[in-house]
Structure formats: structure tokens, C-alpha cells
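Notes follow once the structure below has been shown.
Only heavy atoms go into these numbers, but all of them, side chains included; no hydrogens, no water, no symmetry mates. We count ligands from 1, going down the list as the structure has it; atoms in each ligand are counted the same way.
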Amino acid sequence: MDKIIITGGPQLRGEIPISGAKNAVLPLMAASILTDKPITLQNVPKLSDITLMSELLSHHGVHVTRDFSAQTCTLHAASITDTVAPYEIVSKMRASIVVLGPLLARCGEAVVSLPGGCAIGTRPVNMHIDGLRSLGADIYIENGYIHAKTSGLVGATIVLPFATVTGTENILMAAVYARGTTVIKNAAKEPEVCDLANCLVSMGAQIGGIGTDTLVIDGGTRLGGTTHFVVPDRIEAATYAIAGAITHGDVVLKNVVYDDLLAFWQPLERAGVVIERMEPQAANAHASYEDVRVSMSAEIKGVDVMTEPHPGFPTDAQAQFMALMTLCNGAAMITETIFENRFMHVPELCRMCADITTHNASVLVRGVNHLTGATVMATDLRASVSLVLAGLAAKGETTVQRVYHIDRGYERIEEKLRTCGAEIERVQGGSTAL
Ligand code: EPU
């Protein structure tokens, strides 16, 4: 198993290109099931989760072609040859659940393994199932699989009890082939959901209310192919913003959508970090993308945050923000409201001399003078990367084990950080004792 070794201390300075968003690419790839015409995604990062989704879609009969140098992925579902999403793949990546809606819509049936819990929570998919049932699907669970069937979906009004991200995506993708109008109330409005909706529109779907919590879908139009440029990864941008801040550095995040991170920039500024929107550059990957400069020369102030669905503070940036707060002057209360078990980084940060007390869904972080390097590991993507951030600022050497979690969502992380002066290296095939 690979590990990442960091010698903390250097202040990061330089430019960090932000890749396309993993959580946008995965449902966009699944949307290819909805059409027999090819769709081409641009700005697709090289991540293990995307490889897994390619594997799953190939299993369904989708022809997937990736060009890593051009960062494109072309998917062609001329015909769907298998409507079963097997446990062997779904258990490796929960986001596989997003094939349920498109398979059902295109083929009238789908058998998808229940993903089961994961390190950050139980993560049921009851709202996906209830939403699809509202569209007329017959669904039952047997032997760990969701069995869904329909002789034709029909539009309905669905009120989601919670603005579930992949639940909204699944229902949306099914609704584009439901007869009549579907209204999804309390829909998730994360930028990745909007990106999917915009892509579906470019394929011919009729979707109103994109970016709001009410999506209105006039279903039934046969979808065609498209070429779509994936939105930048706001969580990757947030992560590198903290890398700049925690090292008292000065980094420019290239190609971001500033407005997608408003609830993140505000507490970062209150912590003393200077955030500067830069003039749009002709060289930006997309006309609406900009560069954001993040610099820090003051002491880090303690700031309380609470995670919320978008546009609130993102749960996917909670662990990284906590890493920054470990070094604040004062204290910070961090409350996690989305997942019930998303503090796995806490004991590892404490092994690096952080002072953190957990109480139910909140932690109290008392700032310490410095962190010290240690061998650490975590069992999910964002927890793991928070340890890398802590390692960048810690005294001495930090070894982060189980790097495969990071490879699910961060493309070329060592290279991007090293370019800005970090002392970081990946050691391949290290100890597997963990
Ligand atoms: N929930 C239910 N029932 C459902 C669906 C969700 O109870 O049917 C609960 C979940 O257990 C959780 C909350 O609702 O407590 C929110 O879950 P949501 O469905 O919104 O999460 P998700 O769609 O499974 C996506 C991202 C996550 C991100 C969350 C929240 C993808 C592929 N994954 O997950 O990303 O944390 O939304 O924003 O889009 C990550 O990238 O590290 C990651 C975990």
C-alpha cells in the first residue's frame, strides 16, 4: 500500500490547477446510460473512483474511452447489455448507486446492490427508492439487492425529506423519461447536481429550476448525445486553500467557481486568511472560471462552523477546516450535521498533538502552538486529506497511510503540493500491516 511522507514547515507558494469535480463526473458518466448516442465529458480528472465507474458502466455495456492527456471521457451506450450492478463493484464505491435511475429509465428494470454503510455513516438510500416508487417503479429488496421494474415511469411530485445529493440525481435521471411532469421539492442544489442537470438539458431534457430547491422536469423526450465540460472541484479548491492557509503561504487556485464556495470563504476569512478574486484570465479553462488567491500572514483565529447542504458549509471540507483550526489562537466549535460519523480524523489529528474534544455531533478544537509529525491514517477520503494538510504544517515528518482513499478524489496531490514548495513524496508499496 502506498503512503505519503511529508516534512512539515515550508510555506506553500505558487499556482495550483483545480481539476474537474469527481462528484460531478460520476453521475455525468451514469447519464450516458440514458442515450444510445455518445456523450463526451471534458475536464475529467484521473481518479480511482472514475476508473471504478468506467468498470461498472462497461459491465452494463457502455463503451467507455478515456484520453488522459486530453482529460476526456467518451461514453457510448449503444445498447445496455446487463442491468445488474453487482455487489463487487458497488461495495467499492457507493456512488455506483447513481446507475439505478438511468437503468430503470432506459431499460425498465435495474438490479443494483445496496451499497451498505461506509466509514462516515450508515448512508441509507431509502429516499432514492421512495422517489423512484413515486414515479411508478415497483421496487423490492432481496438478497442485498434493490430490484426495480417499471412498464413506464409517470411524472409525480416528490418532496424529499432531506436534500440528498445522489438521491436527487437518481430521481432526476429517471424523471427525464417519465411521462408528464415531475416536480422534485427540497432537491439538492449542489453545483454537481446543477452540472448534471445542465448536461441533461444539453442532451435534450427539459428541466426547470436548476440551482434552486425545486426541479421541474417535463419528461419523455428521447435524449441525444452531447459534449460537456465538467465543473471544477470546489472541494479540491477548498482543500488547497487550506493548504495555503495552514502553511502561512500564498497560493493561487486556478480555475474555480468562486460563488460555489461562498460559505467556505467566509469562515476562512474570519480565520484571518486573505481571499482575493483575480481578474479572469484568457487562459482559464472555461470563460466562467476564475482564479482565487489565498494568502495568510496573520495568526489563525478560531472560527466555529456547522456543515449544511449547499449553499451551506460543505461537509466534504469539514475535516480540512478542522486541520486548520488545530493551530488557531483560541478555540473553534465544528458541528457535523450531514453524516453521523464524520470525525474519524479527530483521533489521528490528536496523535499529531491537536487538542480536540468530541461531543456528539460537535467537536471543540482548542488551538495548539504546533502539531508534531506522526504516522497516521484514516478511513475516508476527506479525513485522509486533512491529515496531509496537518502534516504540511507539523514539526517533523508525517506519514499518511492508506493513500488509496486520497487517490479516489485528489488527482496528482503530491505533484500539485510539491510544485508550491511542499516536501512531500509518495512511497509505493509500503507496509501492508495496516
Ligand atoms: N440519506 C438518507 N437516505 C437517503 C439518502 C441520504 O438518510 O436515501 C442521508 C445520508 O445518510 C446522509 C444525508 O442524507 O446523512 C446526506 O446524504 P446525501 O445523499 O446527500 O449524500 P450522498 O449523495 O451519498 C454526496 C457526495 C458526498 C457528500 C454528500 C453530501 C457524491 C458521489 N457523494 O453523497 O461526497 O459528502 O453528497 O454533500 O456526490 C466525498 O466526496 O468525500 C463525499 C462523501
Side-chain angles (χ1 to χ4, degrees), residues 19-31 45 47-50 52-53 56 90 92-101 112 114-134 139 141 146 158-173 184 186-196 213 230-231 233-239 260-261 263-264 307-320 336-342 344-345 361 378-386 404-411:
S19 302
K22 162 185 86 82
N23 288 348
V25 174
L26 298 173
L28 284 166
M29 291 174 77
L47 298 170
S48 59
D49 269 10
I50 291 172
L52 266 178
M53 185 55 92
L56 177 60
V90 179
K92 287 189 200 144
M93 184 182 64
R94 294 188 48 85
S96 309
I97 191 72
V98 291
V99 299
L100 175 62
V112 177
L114 274 167
C118 85
I120 62 177
T122 52
R123 305 184 73 180
V125 289
N126 56 308
M127 296 177 209
H128 303 230
I129 293 172
D130 290 345
L132 296 174
R133 278 190 179 132
S134 301
I139 303 185
I141 312 285
I146 304 165
I158 296 163
V159 184
L160 291 172
F162 185 88
T164 158
V165 173
T166 48
T168 302
E169 291 165 347
N170 248 332
I171 298 166
L172 175 63
M173 286 191 275
I184 310 176
N186 196 27
K189 39 186 190 282
E190 271 67 4
E192 297 76 25
V193 179
C194 302
D195 202 34
L196 171 66
D213 53 14
V230 177
V231 285
D233 195 320
R234 64 196 165 101
I235 305 301
E236 192 198 21
T239 303
D260 285 348
L261 276 168
F264 172 79
T307 64
E308 281 170 309
H310 192 75
F313 188 94
T315 174
D316 291 342
Q318 177 258 107
Q320 301 90 313
E336 171 61 50
T337 72
I338 309 293
F339 292 107
E340 66 270 25
N341 189 30
R342 212 171 195 183
M344 285 148 321
H345 39 288
T379 41
D380 95 289
L381 167 62
R382 311 302 173 186
S384 299
V385 87
S386 77
Y404 58 85
H405 289 296
I406 295 177
D407 294 335
R408 299 182 67 162
Y410 292 90
E411 183 182 46

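Nearest protein heavy-atom contact of atom 19 (O) of ligand 1 is Thr164 OG1, 2.6 Å. Scanning all protein heavy atoms for the shortest distance to atom 25 (C) of ligand 1 gives Val165 CB, 3.8 Å. Closest protein heavy atom to atom 4 (C) of ligand 1: Pro124 O, 3.0 Å. For atom 32 (C) of ligand 1, the nearest protein heavy atom (residue, atom name, distance) is Asn23 OD1, 3.4 Å. Among all non-hydrogen protein atoms, the one lying nearest atom 41 (O) of ligand 1 is Arg382 NH2, 2.7 Å. Nearest non-hydrogen protein atom to atom 14 (O) of ligand 1 is Phe162 CD2, 3.7 Å. For atom 12 (C) of ligand 1, the closest non-hydrogen atom of the protein is Ile338 O, 3.3 Å. Shortest contact from atom 21 (O) of ligand 1 to any protein heavy atom: Phe339 CZ, 3.9 Å.
Remark: the backbone N or O of Leu160 is paired with a side-chain donor or acceptor of Asn186 at under 3.5 angstrom. Using a distance-only test at 3.5 Å, with no hydrogens or angles considered, no donor-acceptor pair links the side chain of Asp195 to the main chain of Ala24. Using a distance-only test at 3.5 Å, with no hydrogens or angles considered, no donor-acceptor pair links the side chain of Asp49 to the main chain of Met93. Between the side chain of Asp233 and the main chain of Ser19, no donor-acceptor pair closer than 3.5 Å is present. Proximity of a side-chain donor or acceptor of Thr168 to a complementary backbone N or O of Ala188 within less than 3.5 Å is detected. With hydrogens and angles disregarded, no donor-acceptor distance shorter than 3.5 Å links the side chain of Arg123 to the backbone of Arg94.
With ligand atoms numbered from 1 in the order given, ligand 1 contributes 32 (C) to contacts under 4.0 Å with heavy atoms of Ala95. Taking a cut-off of under 4.0 Å to the non-hydrogen atoms of His128, the atoms of ligand 1 that pass are 8 (O). Counting atoms of ligand 1 from 1 in the listed order, those under 4.0 Å from a heavy atom of Thr315 are 30 (C), 36 (O), 38 (O). In the vicinity of Arg123, heavy-atom distances shorter than 4.0 Å reach the ligand 1 atoms 11 (O), 22 (P), 24 (O), 34 (O).
For atom 9 (C) of ligand 1, no protein non-hydrogen atom is found at a distance below 4.0 Å.
Within the 4.0 Å heavy-atom criterion, neither part of Val98 lies near ligand 1.
No side-chain heavy atom of Asp130 sits under 4.5 Å from any side-chain heavy atom of Met127. Counting only heavy atoms from C-beta outward, the side chains of His405 and Tyr410 never approach each other to under 4.5 Å.
Remark: ligand 1 and Glu340 share no N or O pair separated by less than 3.5 Å (distance only, no angle test). Backbone and side-chain nitrogen or oxygen atoms of Asp380 are examined, and none is located within less than 3.5 angstrom of a nitrogen or oxygen of ligand 1. In terms of polar-atom proximity, defined here as any N/O pair under 3.5 Å, Leu26 makes no such contact with ligand 1. The shortest N/O to N/O separation between Glu190 and ligand 1 does not fall below 3.5 Å.
Between Asp316 and Arg342, at least one side-chain nitrogen of the basic residue sits less than 4.0 Å from a carboxylate oxygen of the acidic one, meeting the salt-bridge criterion. Salt bridge absent: Lys22 and Glu192 never bring a charged side-chain N and a carboxylate O closer than 4.0 Å.
Side-chain contact of Glu336 with Thr315: a donor-acceptor pair under 3.5 Å is present, judged by distance alone. A donor-acceptor contact closer than 3.5 angstrom is absent between the side chains of Thr307 and Gln318.
Contact analysis leaves Arg94 out of contact with ligand 1, as no non-hydrogen atom separation drops below 4.0 angstrom. For Arg342, the closest heavy-atom approach to ligand 1 falls below 4.0 Å.
Of the candidates Leu56, Val112, Thr166, Leu56 is the only one forming a side chain to side chain contact (heavy atoms under 4.5 Å, CB included) with Ser96.
Which of Val125, Leu160, Asp316, Leu381 comes nearest to atom 28 (C) of ligand 1 through a heavy atom is settled by distance: it is Asp316.
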